[in-house]
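Notes for the one structure printed next.
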Amino acid sequence: MLVLGIDTSCDDTAAAVLRAPREVLSNEVATQYDLHAAFGGVVPEIASRAHAERVTLVIERALHTAGISQADLGAIAVTNRPGLVGSLMVGVAAAKSLALTLGIPLVGVHHIEAHCTAAMAEHEDLDYPFLALVASGGHTAIYHCRGPQAVELMGQTIDDAAGECFDKVAVMLGLPQPGGPSVSKLAEHGNVKAVRFPRARVKHDPLAFSFSGVKTAVLYYLKGPGGRRDAPDRADLDVSYEDVAASFEQAVVDVLVQRSLLAAEQAGVSDLVIGGGVAANRRLRAVLAERAPEGLRVRFPSPALCADNGAMIALRGAEMLRSGIRSDLDLDVSATGELAR
Ligand code: KG4
Ligand code: ZN
């Protein structure tokens with residue numbers, strides 16, 4: 001069966017075609033970084049308008065690249081939670097109208113559950129149970145994926161997401177958005193030990209994350225104690241931006257790796273998968289590979305499957321359909337991930 005997957009949960013308009021269960025035939029994304037750059041973050045109204053303008057085109061491109069027509073589709077999977085409500089509604093409306101026109105099943109997918117399962121597209125032998133670290137611009141969490149219908153949250157951030165932190169530090173260093181790749185590139189030639197930025201722990205919750213402290217520590221390091229974002233750098237700054245970027249990146253990576261390995265040990269799994277935009281980070285991949293104990297396989301999806309994409313939605317949707325789950329045409333959206341009914 002061919003499944004179309006659509007994701008418009010944040011600022012990427014994404015569509016993909018999957019031959020169930022795991023073969024990705026196309027994976028198209030239209031990003032919106034240029035539209036939001038001047039505002040220092042994603043503007044919900046601009047995002048939903050851009051999705052509305054692009055979604056049909058991106059779907060057509062996904063079908064074209066896969067070499068199929070609408071009539072070949074067997075089902076449609078669409079992200080309906082969590083995300084920006086106005087953005088989610090555009091994808092869900094497109095999915096509903098196609099499902100209705102073609103007379104094929106529709107299934108609403110949880111965006112984070114899809115990030116957890118994305119690695120399956122490239123790792124044929126990957127199966128439940130496994131552990132998933134999902135780190136993106138909006139989320140940082142660890143899930144114990146026991147089975148297709150048993151995805152349990154083990155720990156999450158109590159404040160900023162890891163990707164959000166990269167994006168804010170990029171602004172401080174005068175780098176373009178998205179911040180993750182630009183900070184990471186600058187960090188390549190920096191000294192990870194130049195500055196000791198904090199690796200925060202959360203009291204009574206060893207698997208929780210807190211990233212607001214490291215972000216503030218970078219700000220104060222650059223501007224001086226209590227320094228404001230728009231203040232000039234302190235006069236006695238004797239460390240290069242490359243070193244600041246590398247030291248910051250190492251601090252975030254150390255925390256992500258430490259929590260993931262602890263959770264894997266607690267859950268007793270032999271597979272750890274990573275997902276979300278931050279999972280594309282080279283240092284994260286290198287440190288995880290280096291520190292993972294024998295017996296724990298770390299699955300690294302390619303960057304296109306880490307960032308927001310339609311393939312992971314199609315894959316997760318196909319899995320749900322196999323379990324007999326499908327949505328009605330009154331499928332609702334939810335900002336938080338919880339559905340009212
Ligand atoms: O999963 P994603 O595409 O969208 C969200 O759901 O947020 O993740 C985007 C986030 C951004 O914060 C971006 O800066 C971060 O992932 N990111 C990275 C890297 N590539 C993207 N962070 C660190 N290192 C990277 N190489
Ligand atoms: Zn995402």
Side-chain angles (χ1 to χ4, degrees), residues 5-14 16 27-33 36-37 40-42 44 47 51 78-84 87-88 91 109-119 132-141 143 156-157 160-173 175-188 190 209 211 214-215 218 245-246 248-257 273-288 300-313 315-316 335 337:
I6 303 171
D7 185 272
T8 59
S9 58
C10 188
D11 58 343
D12 291 328
T13 314
N27 197 15
E28 301 287 335
V29 183
T31 61
Q32 300 181 7
Y33 292 124
H36 304 282
V42 176
H51 285 308
V78 63
T79 305
N80 72 322
R81 64 199 196 280
L84 299 171
S87 290
L88 289 167
V109 171
H110 191 292
H111 181 84
I112 313 298
E113 291 176 4
H115 271 304
C116 290
T117 46
L133 165 71
V134 178
S136 70
H139 310 274
T140 302
Y143 295 86
Q156 63 181 330
T157 180
D160 292 353
E164 183 184 357
C165 207
F166 270 93
D167 294 339
K168 287 182 176 158
V169 167
V171 174
M172 294 175 207
L173 297 175
L175 299 172
Q177 297 295 318
S182 44
V183 170
S184 192
K185 188 159 188 298
L186 188 70
E188 264 173 36
F209 302 89
F211 289 114
V214 66
K215 177 193 68 189
V218 175
F248 156 75
E249 185 179 52
Q250 187 66 46
V252 174
V253 164
D254 277 346
V255 171
L256 292 172
V257 171
V273 312
I274 56 173
V278 181
N281 186 275
R282 300 239 294 266
R283 200 178 302 270
L284 173 66
R285 289 167 177 247
V287 175
L288 258 181
F300 301 105
S302 58
L305 281 175
C306 290
D308 286 353
N309 67 87
M312 67 180 192
I313 306 303
L315 194 144
R316 175 69 181 151

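Atoms within a ligand are numbered from 1 in the order they appear, just like the ligands themselves. Numbering of residues begins at 1 and proceeds along the displayed sequence. What you see below is based on every heavy atom in this structure, not just the backbone, and it leaves out hydrogens, waters and symmetry mates.
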| field | From CA spacing to verdict: side-chain contact (heavy atoms from CB on, under 4.5 Å), Gln156, His139 | value | CA-CA 8 Å; Gln156 63 181 330; His139 310 274; over 6 Å; no
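- Between Asp308 and His111, some side-chain heavy-atom pair lies under the 4.5 Å cut-off.
- Using a 4.5 Å heavy-atom threshold, the side chains of Leu256 and Phe211 count as touching.
- Closest protein heavy atom to atom 24 (N) of ligand 1: Asn281 ND2, 2.9 Å.
- Protein heavy atom at the shortest distance from atom 1 (O) of ligand 1 is Gly277 N, 2.9 Å.
- When all heavy atoms of Cys306 and Arg285 are compared, the closest pair comes out as SG-NH2, 3.3 Å.
- Look at Asp308 and the Zn ion (ligand 2): an N/O/S atom of the residue is under 2.8 Å from the metal.
- Within the 3.5 Å criterion, the main-chain N or O of Gly91 finds a donor-acceptor partner in the side chain of Thr8.
- For atom 25 (C) of ligand 1, the nearest non-hydrogen atom of the protein is Gly180 C, 3.7 Å.
- Contact annotation for Asp167 and ligand 1: only side-chain heavy atoms (C-beta onward) come within less than 4.0 Å of the ligand.
- Protein heavy atom nearest atom 9 (C) of ligand 1, with residue, atom name and distance: Gly137 N, 3.8 Å.
- Shortest non-hydrogen contact noted between Ile313 and Val109 is O-CG2, 3.8 Å.
- Between Pro181 and ligand 1 there is a heavy-atom distance shorter than 4.0 Å.
- Counting atoms of ligand 1 from 1 in the listed order, those under 4.0 Å from a heavy atom of Gly138 are 7 (O).
- Under the 4.5 Å side-chain criterion, counting only non-hydrogen atoms from C-beta, Phe248 is not in contact with Leu173.
- Using a 4.0 Å cut-off between a side-chain N of Lys or Arg and a carboxylate O of Asp or Glu, Glu188 and Arg282 qualify as a salt bridge.
- With a heavy-atom cut-off of 4.0 Å, His115 touches ligand 1 through its side chain alone.
- The single protein non-hydrogen atom nearest to atom 3 (O) of ligand 1 is Asp308 N, 3.1 Å, given as residue, atom name and distance.
- The Zn ion (ligand 2) has no N, O or S atom of Cys10 inside 2.8 Å of it.
- Among the backbone and side-chain atoms of His139, no N/O/S atom is found under 2.8 Å from the Zn ion (ligand 2).
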